[in-house]
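As structure tokens, the structure follows; a few thoughts come after it.
So that the names make sense, note that chain A is the first sequence line, chain B the second, and so on, each numbered from 1.
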There are 2 protein chains.
Amino acid sequence: MLIGELARQTGCEVETIRYYEREGLLSAPQRSSSGYRRYTAEQLGELNFILHCRSLGMSLADIRNLAAFKADHDHDCEDINLLIDQQIAKVHQQVEALRLLEQQLLALRDKCHESHAAADCGILQTLVEAAEGAPCVCHTPFGQDNHGHSQDYDHTAKKNGRSNKDRP
Amino acid sequence: MLIGELARQTGCEVETIRYYEREGLLSAPQRSSSGYRRYTAEQLGELNFILHCRSLGMSLADIRNLAAFKADHDHDCEDINLLIDQQIAKVHQQVEALRLLEQQLLALRDKCHESHAAADCGILQTLVEAAEGAPCVCHTPFGQDNHGHSQDYDHTAKKNGRSNKDRP
DNA sequence: CTTGACCCTGTAGTGACTACAGGGTGTGCA
DNA sequence: TGCACACCCTGTAGTCACTACAGGGTCAAG
């Protein structure tokens, strides 16, 4: 089948499918004489595997590793277990951080019940006073020793800059 | 104070401070004759405001809006409340999605208790069979009608491609 | 004068996509 | 046969919030 049909069957964007191929995640299909990609049922399964793992929040690198483990029948599955364990731990940490964040936001939200001018808004006042060093409801009630700016919300994927990849 | 001192006092990276200035989030400071940035205490407060909001998971765009509301004393705080409400709803959704994901991963993890060769690994078998259309423990026990690939894990910030920004 | 810490601008990269430019292919209809 | 439209292709660039680096300048202490 053509890439559009594969996209329809899997719910995955055409451009994402090409991206996965470029990233070496999905095997390159045969081409027609006009250069169109022609996918087999096996490759449909391949993509479904990838999408399934994506739906479980795994990174592309992890999925690549899993696929390698799958291809190597003699590989001990200890590594697979470890990979899933690490993913579970990561997600668990995210759940905890987000639940804390939710509580913090609700506490902040509670500072303003009615419509005011911005100058009188409890939310804004809290944020401004916190910026000036005052304690705030979004952070104080949880017994933290510091304001915890850098620990409160662990952004999902802290982006690093350049690697040495393809370095001249 | 110089940018390095500001970074030390706030726990924010020098490069991130410059980035916030470039993005128009933080006001540009005065410069010394050598071109070094010189920050005031007021700008320290400005940055703390930004960091505080970041710690609450707000996007830079939202923080920009909040700062604009703050500067406009006559602005009704209804928009501020709405912004915080939207943030609460977003975080809540993320919590729910991640909790579901955690359960899914635990169910999958439960398919393999001992060390096997990869060919016999319950986790891998589950993933492979799911890719072939079979029901799986990570998705089935929650009564979902479909495999839910595109809804299971809502990635934090789905990146869109090009906007028309700076379009010639 | 040298050294090391710090400063600057501009550019490029991270991860997982997503959009677009510019061009080619295939099919159905007038 | 020509046209219109849907689809295909490659290559490039952008999203978001950073993060890293190249190449060069400044400052202070030894």
Ignoring hydrogens and geometry beyond distance, is the side chain of B/Tyr36 in donor-acceptor contact with the base of D/dG25 at under 3.5 Å?
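A donor-acceptor contact between them is present.
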Distance from B/Gln104 atom CD to A/Leu56 atom CG, nearest 0.5 Å?
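Between atom CD of B/Gln104 and atom CG of A/Leu56 there are 6.0 Å.
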Rounded at 0.5 Å granularity, tell me how far CG in B/Leu47 sits from CG in B/Leu25.
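B/Leu47 CG to B/Leu25 CG: 9.0 Å, rounded to 0.5 Å.
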For [X] and [N], what is the distance between atoms [atom1] and [atom2] respectively, to the nearest whole Å?
X: B/Leu26; N: D/dA17; atom1: CG; atom2: P; value: 16 Å
X: B/Glu23; N: D/dA17; atom1: CD; atom2: P; value: 8 Å
X: B/Arg38; N: D/dT26; atom1: CZ; atom2: P; value: 15 Å
X: A/Ile63; N: C/dG15; atom1: CD1; atom2: P; value: 14 Å
X: B/Glu5; N: C/dC7; atom1: CD; atom2: C1'; value: 14 Å
X: A/Glu13; N: C/dA16; atom1: CD; atom2: C1'; value: 13 Å
X: A/Glu21; N: C/dT18; atom1: CD; atom2: P; value: 17 Å
X: B/Ile17; N: D/dA20; atom1: CD1; atom2: P; value: 14 Å

OP1 or OP2 of [N] under 4.0 Å from side-chain N/O of [X]:
X: B/Arg22; N: D/dC16; value: no
X: A/Arg54; N: C/dC17; value: yes
X: A/Arg31; N: D/dT10; value: yes
X: A/Ser34; N: D/dC9; value: no
X: A/Arg64; N: C/dA16; value: no
X: B/Thr16; N: D/dT19; value: yes

Single-linkage hydrophobic cluster [X]~[Y], side-chain heavy atoms < 4.5 angstrom:
X: A/Val14; Y: A/Leu6; result: yes
X: A/Val128; Y: B/Ile80; result: yes
X: B/Tyr20; Y: B/Tyr36; result: no

Looking at the side chain of B/Val14, which of C/dC17, C/dC7, D/dC18 is the nearest nucleotide?
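The answer is C/dC7, which lies nearest to the side chain.
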With the side chain of A/Tyr19 defined as its heavy atoms from C-beta on, choose the nearest nucleotide among D/dT19, C/dC8, C/dC17.
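For the A/Tyr19 side chain, the nearest candidate turns out to be C/dC17.
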Strictly under 3.5 Å: I want the nitrogen or oxygen pairs between protein and nucleotides 3-5 of chain D, one per line.
none

[X] side chain vs [Y] backbone, donor-acceptor pair below 3.5 Å:
X: A/Gln43; Y: A/Thr40; answer: yes
X: A/Arg64; Y: A/Glu23; answer: yes
X: A/Arg31; Y: A/Ser34; answer: no

If each of B/Arg18 and A/Ser32 is mapped to the nucleotide of DNA chain C with the nearest heavy atom, which maps nearer the 5' terminus, i.e. the 5' end?
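So the residue in question is B/Arg18.
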